[in-house]
Undergrad: 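First, the structure itself, so that you have it in front of you.
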Amino acid sequence: MSEMRGGRIDCDALLDKLKSLHRTVGLPSYRRMAVLAESMIKAEPSEEWRSLSPSNLSNIMQGRFARRPRWPLVRTIVTVLYLNGTMNGRMEASPQVLSALTKEFAAVWDAIDVQAAPTRPVPRMPDVRMASPNRRRRRPGRPW
């Protein structure tokens, strides 16, 4: 799935790891993950956490993005998944476990070949053309 490119890897490796962690911690909903992220931001405003929305999480987890996700966003997702795992007893609550998990994801994120992202085609939005506001609409002449 992930492809090596001159010592670098594409985004599939990161996506595979995120999906695997998501399964390991019990497949929390994207809404639940967004709520956990907001509580982290409120609890530690000095940290570089990112807000998550369910639609943004869905796009990231499905690989629908135009460039490699920034590290603070990936770190927030990993931490939220870890917290969910500790809350439901699927992961050990320990700073060492979180540190090891973060380092593991950071190594994969650092190895991503920026030229390789996106790994999947991003759906293109259709062109929508609006009528010019300066153009007057002609009315048909009166038949009298």
Side-chain angles (χ1 to χ4, degrees), residues 1-140:
M1 217 89 97
S2 65
E3 182 179 317
M4 292 296 288
R5 297 185 182 169
R8 308 291 279 169
I9 58 175
D10 61 19
C11 287
D12 284 345
L14 178 65
L15 293 172
D16 290 345
K17 286 190 80 53
L18 283 172
K19 288 177 184 178
S20 175
L21 180 59
H22 190 237
R23 280 189 303 276
T24 299
V25 300
L27 296 168
S29 71
Y30 297 146
R31 184 175 308 281
R32 168 85 175 132
M33 292 170 64
V35 169
L36 281 173
E38 288 306 312
S39 66
M40 283 174 23
I41 291 169
K42 288 178 184 173
E44 297 179 71
S46 62
E47 283 290 329
E48 197 176 2
W49 302 122
R50 294 291 183 257
S51 290
L52 304 175
S53 70
S55 62
N56 191 15
L57 281 165
S58 174
N59 287 336
I60 289 169
M61 297 298 278
Q62 297 305 313
R64 293 185 301 239
F65 44 82
R67 60 180 182 258
R68 174 179 69 166
R70 295 185 186 261
W71 173 243
L73 179 62
V74 174
R75 180 177 171 245
T76 301
I77 294 170
V78 169
T79 306
V80 162
L81 289 171
Y82 166 78
L83 288 175
N84 189 78
T86 60
M87 289 177 181
N88 64 20
R90 292 177 179 253
M91 294 190 85
E92 179 186 342
S94 143
Q96 292 81 13
V97 171
L98 178 58
S99 178
L101 195 59
T102 303
K103 286 178 184 174
E104 182 181 332
F105 273 89
V108 172
W109 185 85
D110 283 337
I112 292 174
D113 183 357
V114 178
Q115 303 303 319
T119 57
R120 294 177 179 88
V122 177
R124 190 179 143 99
M125 297 299 289
D127 290 337
V128 177
R129 299 193 179 178
M130 303 292 286
S132 172
N134 296 335
R135 226 184 240 176
R136 295 186 107 201
R137 203 167 149 194
R138 289 187 148 197
R139 287 196 253 179

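Because the structure is predicted, anything quoted here is derived from the model rather than measured. By convention here, the first residue in the shown sequence is residue 1.
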Undergrad: Heavy atoms only: give me the nearest L36-S39 pair and the separation to one decimal.
TA: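 Minimum heavy-atom separation between L36 and S39: O-OG, 2.7 Å.
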
Undergrad: Please give me the minimum heavy-atom distance between L81 and L18, naming the atom from each residue.
TA: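 Result for this residue pair: CD1-O, 4.1 Å.
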
Undergrad: Has S20 got a side-chain atom pairing as donor or acceptor with D16's backbone, closer than 3.5 angstrom?
TA: no

Undergrad: So which atom in G63 and which in L15 form the shortest heavy-atom distance, rounded to 0.1 Å?
TA: CA-CD1, 3.6 Å

Undergrad: What verdict does the side chain to side chain contact (heavy atoms under 4.5 Å, CB included) test give for L73 and I60, after you've listed the backbone C-alpha separation in whole Å, the side-chain angles of each residue and the deciding distance to 0.1 Å?
TA: CA-CA 10 Å; L73 179 62; I60 289 169; 3.3 Å; yes

Undergrad: How far does CG of N84 sit from OG1 of T24, to the nearest 0.5 angstrom?
TA: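 One finds 11.5 Å between CG of N84 and OG1 of T24.
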
Undergrad: Could you tell me the separation between the CE atom of M40 and the CZ atom of R50, rounded to the nearest 0.5 Å?
TA: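 Between atom CE of M40 and atom CZ of R50 there are 11.5 Å.
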
Undergrad: Grab the two heavy atoms, one from W109 and one from W71, that are nearest each other, plus how far apart they are.
TA: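 Nearest heavy atoms, W109 then W71: CZ2-N, 3.4 Å.
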
Undergrad: Mind checking what makes ring pair (Phe, Tyr, Trp, His ring centres under 6.0 Å) contact with Y30, not counting sequence neighbours?
TA: H22

Undergrad: Between CD1 of I77 and CG of L21, what distance do you get to the nearest 0.5 Å?
TA: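 If we round to the nearest 0.5 Å, I77:CD1 and L21:CG are 10.5 Å apart.
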
Undergrad: So how far is it from R64 CZ to N56 CG, rounded to the nearest 0.5 Å?
TA: 10.5 Å

Undergrad: Which heavy-atom pair separates I41 from S51 by the least distance, and what is that distance?
TA: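 Here I41 and S51 meet closest at CD1-OG, 3.5 Å.
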
Undergrad: Go through it in stages, so that I can follow the logic: the residues are E48 and R70, the test is side chain to side chain contact (heavy atoms under 4.5 Å, CB included), and I'd like the CA-CA distance, side-chain angles, deciding distance and then a yes or no.
TA: CA-CA 11 Å; E48 197 176 2; R70 295 185 186 261; over 6 Å; no

Undergrad: Run the salt bridge (Lys or Arg N to Asp or Glu O under 4.0 Å) check on R75 and E47 step by step: do they pass?
TA: CA-CA 11 Å; R75 180 177 171 245; E47 283 290 329; 3.0 Å; yes

Undergrad: Assess the residue pair Y82 and V78 against the criterion (side chain to side chain contact (heavy atoms under 4.5 Å, CB included)); give the C-alpha distance rounded to whole Å, side-chain angles, the decisive distance to 0.1 Å, and a yes or no.
TA: CA-CA 6 Å; Y82 166 78; V78 169; 5.5 Å; no

Undergrad: For a quick test of your reading: what N or O donor-acceptor pairs under 3.5 Å do the side chains of residues 89-99 make, sequence neighbours left out?
TA:
residue: S94; atom: OG; partner: Q96; partner atom: N; Å: 3.1
residue: S94; atom: OG; partner: Q96; partner atom: OE1; Å: 2.8
residue: S94; atom: OG; partner: V97; partner atom: N; Å: 3.4

Undergrad: Nearest heavy-atom pair of S53 and A34: which atoms, and what distance?
TA: CA-CB, 4.4 Å

Undergrad: To the closest 0.5 Å, what do you measure between CD1 (I112) and CZ (R68)?
TA: 6.0 Å

Undergrad: Could you please spell out the steps behind the side chain to side chain contact (heavy atoms under 4.5 Å, CB included) verdict for W49 and T79?
TA: CA-CA 9 Å; W49 302 122; T79 306; 3.5 Å; yes

